[in-house]
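These notes concern the structure reproduced below.
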Amino acid sequence: MSASLSTHVLDTGRGEPAVGVRVELFRSGDLVAAGVTDGDGRITRLAEELEPGTYRLVFHPASSPFIQRLEVEISIDEAEKHYHVPLLISPYSCTTYRGS
């Protein structure tokens with residue numbers, strides 16, 4: 001069994017989900033998966049067959065006038081787990097964390 005990954009992007013400046021944000025997942029420079037957030041700001045199945053290792057999530061938040069691209073490096077350490085990485089973004093700041 002392999003790990004899975006989802007994400008959720010919220011525009012805290014507007015107080016609503018960030019719709020239409022392109023998110024890419026890379027491993028060792030190779031594109032593994034990509035998607036666009038839905039009407040609730042979610043990509044529920046960005047990747048489903050992830051092996052343990054280091055991955056890079058790249059967010060392209062079109063709603064931010066300052067932050068045009070955000071990269072987050074994550075470590076998948078358990079093959080049978082689900083990983084969730086939310087992003088909270090406002091016009092001039094952002095935060096991310098490991099969700100549940």
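Hydrogens, waters and symmetry mates are skipped; everything else that's a heavy atom, side chains included, is used. These figures come from a predicted structure and were not determined experimentally. When a residue number appears, it is its place in the shown sequence, counting from 1.
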Check: S2/E48 side-chain N/O donor and acceptor closer than 3.5 Å: no

Hydrophobic cluster membership, L10 vs I89, 4.5 Å side-chain cutoff: no

Close side-chain approach of V21 and L87, heavy atoms under 4.5 Å: no

ILVMFWY network linking F26 to V36, side-chain heavy atoms under 4.5 angstrom: no

Close side-chain approach of F59 to T7, heavy-atom, < 4.5 Å: yes

Over all atoms of both residues, closest heavy-atom pair of S6 and H82: OG-NE2, 2.8 Å

Minimum side-chain heavy-atom gap V9-P61 below 4.5 Å: no

Within-4.5 Å side-chain heavy-atom neighbours: V85 and L46: no

Heavy-atom pair with the smallest gap, counting every atom of G20 and T37: N-OG1, 3.0 Å

Verify same cluster id: Y55, L70 (apolar side-chain graph, 4.5 Å): yes

Linked, directly or transitively: V19 and I43 (ILVMFWY side chains, under 4.5 Å): no

Exercise: identify the closest heavy-atom pair between Y83 and R98: CE2-NH2, 3.1 Å

Results of side-chain hydrogen bond (donor to acceptor under 3.5 Å, both in side chains) for S90 - residues two or more places apart only: S93

Contact summary for R27 and T54, nearest pair of heavy atoms: CG-O, 3.6 Å

L88 with L57, same ILVMFWY side-chain cluster at under 4.5 Å: no

Heavy-atom closest pair, residues L50 and V32: CD2-CG1, 4.0 Å

Enclosure of E16 CD (heavy-atom neighbours >12, cutoff 6.0 Å): yes

Nearest atoms (heavy-atom pairs only) where D40 meets H8: O-NE2, 2.9 Å

